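Since this is a predicted model, take the numbers as computed values, not measurements. Both ligands and their constituent atoms are indexed starting at 1 by order of listing.
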Amino acid sequence: MPATQGDLDVLMEQAIRMLVVNSTGIGVDTSDIQGILWSAREQRIKRGINLIPSENRKSPKAKLMSWLGELAGLDGRYAEGHVGKRYYPGTQASDALETIAIAEAKDLMGAKWVDIRPISGNNVNMAVFLNYLQGGDFVMANTIYKGGHISHADVGSLGKRVTVRGRELKEHLIPIPVTEDGYHMDGVATAKLIERYKPKLIVLGKSLFLFPEDIGAITEICQQTGTRIYYDGAHVLGLIVGGQFQQPLKEGAEVVGGSTHKTLAGPQGGIIYSNLPPDDPLIVAIDKGIMPGTTSSHHLHRIPALIVTLREYKQHGPEYASQTIRNAQALAEALDKYGLTPDAKEFGYTRSHQVALNVRRLTGTYSKEVETWLDRNGIFANSNALPYDTSVFKTSGIRMGTPEVTIQGMREGEMDRIAWMFRRVIIDRANVSLESRDLARNFPDRMYA
Ligand SMILES: *Cc1c(COP(=O)(O)O)cnc(C)c1O
């Protein structure tokens with residue numbers, strides 16, 4: 001029988017009992033920490049509807065594997081270098097696990113080259129930028145206002161990498177143009193800028209990511225200008241490998257990076273893959289960027305859970321990814337039905353796991369405040385700049401995503417209920433905490449595993 005959330009609750013109670021017994025003897029007191037963890041579990045698992053699109057939950061089996069990884073003492077160990085070529089001895093278990101993880105990832109991602117050592121999506125980006133780029137290079141990426149991740153911005157690792165002696169060269173970080181609706185890459189305009197500036201690297205992919213990037217529009221010009229195409233798929237990785245979103249490698253992206261804990265629903269970490277030969281200068285630079293550039297120990301205790309996640313995804317990924325997108329579309333349609341029309345209606349609202357709602361137009365209030373109204377009602381969805389906003393402190397958007405509610409087993413009918421709760425909180429200023437708690441309690445388990 002598969003492990004359930006109930007089994008994990010029992011384990012958590014047992015672990016706490018062991019801590020209580022231990023803390024009455026010698027040693028430090030841990031009761032305050034236990035209390036916080038217990039209420040975290042209550043809030044996030046038992047009481048809340050989580051629509052934060054970057055978040056998800058591991059399967060019980062993957063969770064148990066994370067614990068086993070720690071109980072087996074893999075945490076805090078070092079296996080710098082590659083399998084079979086490590087800098088330290090005693091890495092037999094890590095070598096065996098990493099070999100399996102790489103093989104599973106290559107198979108799932110359809111890639112010849114995979115590196116699972118980056119410890120987060122942000123680390124992946126740093127590893128790509130660190131050695132391949134130099135101060136003064138021209139690069140292109142999405143701005144924060146148009147959905148780009150902060151690591152692609154002037155204050156992030158991309159912007160900082162192309163500064164010279166700390167002097168920001170903002171004109172070297174060229175924004176990817178978007179079409180008038182704000183949510184689509186303008187392929188023609190982007191190709192023109194590539195021709196003009198001949199950037200060394202273009203970073204595709206976003207954090208507010210409703211529609212695919214137009215990779216096909218730039219592959220030819222990039223070949224002429226020598227611009228390399230990196231696709232930051234942190235948010236949509238699970239949708240890509242589930243075959244339900246654009247296929248960046250097939251469409252012309254050269255390297256794809258991402259997080260393993262967002263739509264992929266695995267342990268926290270990063271992954272990067274490509275079909276370029278290992279001696280391609282970009283891959284050589286990234287390999288050095290990963291180690292020694294941005295990791296030393298690569299958090300070995302997460303690898304067993306990563307293997308489990310990749311295997312689960314191979315079985316259930318397509319079904320999960322497609323339900324996740326259908327739920328996002330159903331949520332958007334239901335919001336519209338209840339008078340809260342999300343952005344990009346003329347394009348069917350979304351083709352990803354996300355929906356963007358302008359709450360400022362509906363309430364006259366900035367979205368940061370609306371985020372707290374929702375939070376008080378047991379609905380977690382984050383305030384976000386929308387393409388027409390001009391300050392990150394005065395934003396209009398609530399960004400919501402369906403990865404976690406879908407992995408709990410919710411479907412279109414539940415999306416309708418959630419949309420109605422939004423309407424009650426945002427328009428009627430009513431309290432729906434009992435309704436959101438009831439819904440969460442009806443879906444305590446992790447499905448698709
Ligand atoms: C979340 C995100 C990242 C950062 O990933 P972490 O795993 O949180 O470090 C990078 N790029 C994009 C586009 C993201 O959405």
Report task. Before accepting this row, confirm whether a basic side-chain N of the pair Lys345/Asp181 lies closer than 4.0 Å to the acidic partner's carboxylate O. Result -> no
Counting only non-hydrogen atoms and a 4.0 Å cut-off, the residues near ligand 1 are Ser120, Gly121, Asn122, Asn125, His149, Lys206, Ser207, Asp232, Ala234, His235, Ser259, His261, Lys262
When Asp287, Ile102, Leu300, Ile271 are each screened for side chain to side chain contact (heavy atoms under 4.5 Å, CB included) with Arg117, the one that passes is Asp287
Hits for side-chain contact (heavy atoms from CB on, under 4.5 Å) against Glu70, two or more places apart or cross-chain, chain-then-number order -> Asp75, His301
Arg351 meets the side-chain contact (heavy atoms from CB on, under 4.5 Å) criterion, sequence neighbours left out, with Phe211, Pro212, Gln329
Residue pairs passing the side chain to side chain donor-acceptor pair (under 3.5 Å) test with at least one member in residues 197-214, sequence neighbours excluded, are Asn142-Glu213
Original post:
Would you say Tyr388's side chain and Tyr145's backbone share a donor-acceptor pair under 3.5 angstrom?
Top reply: no
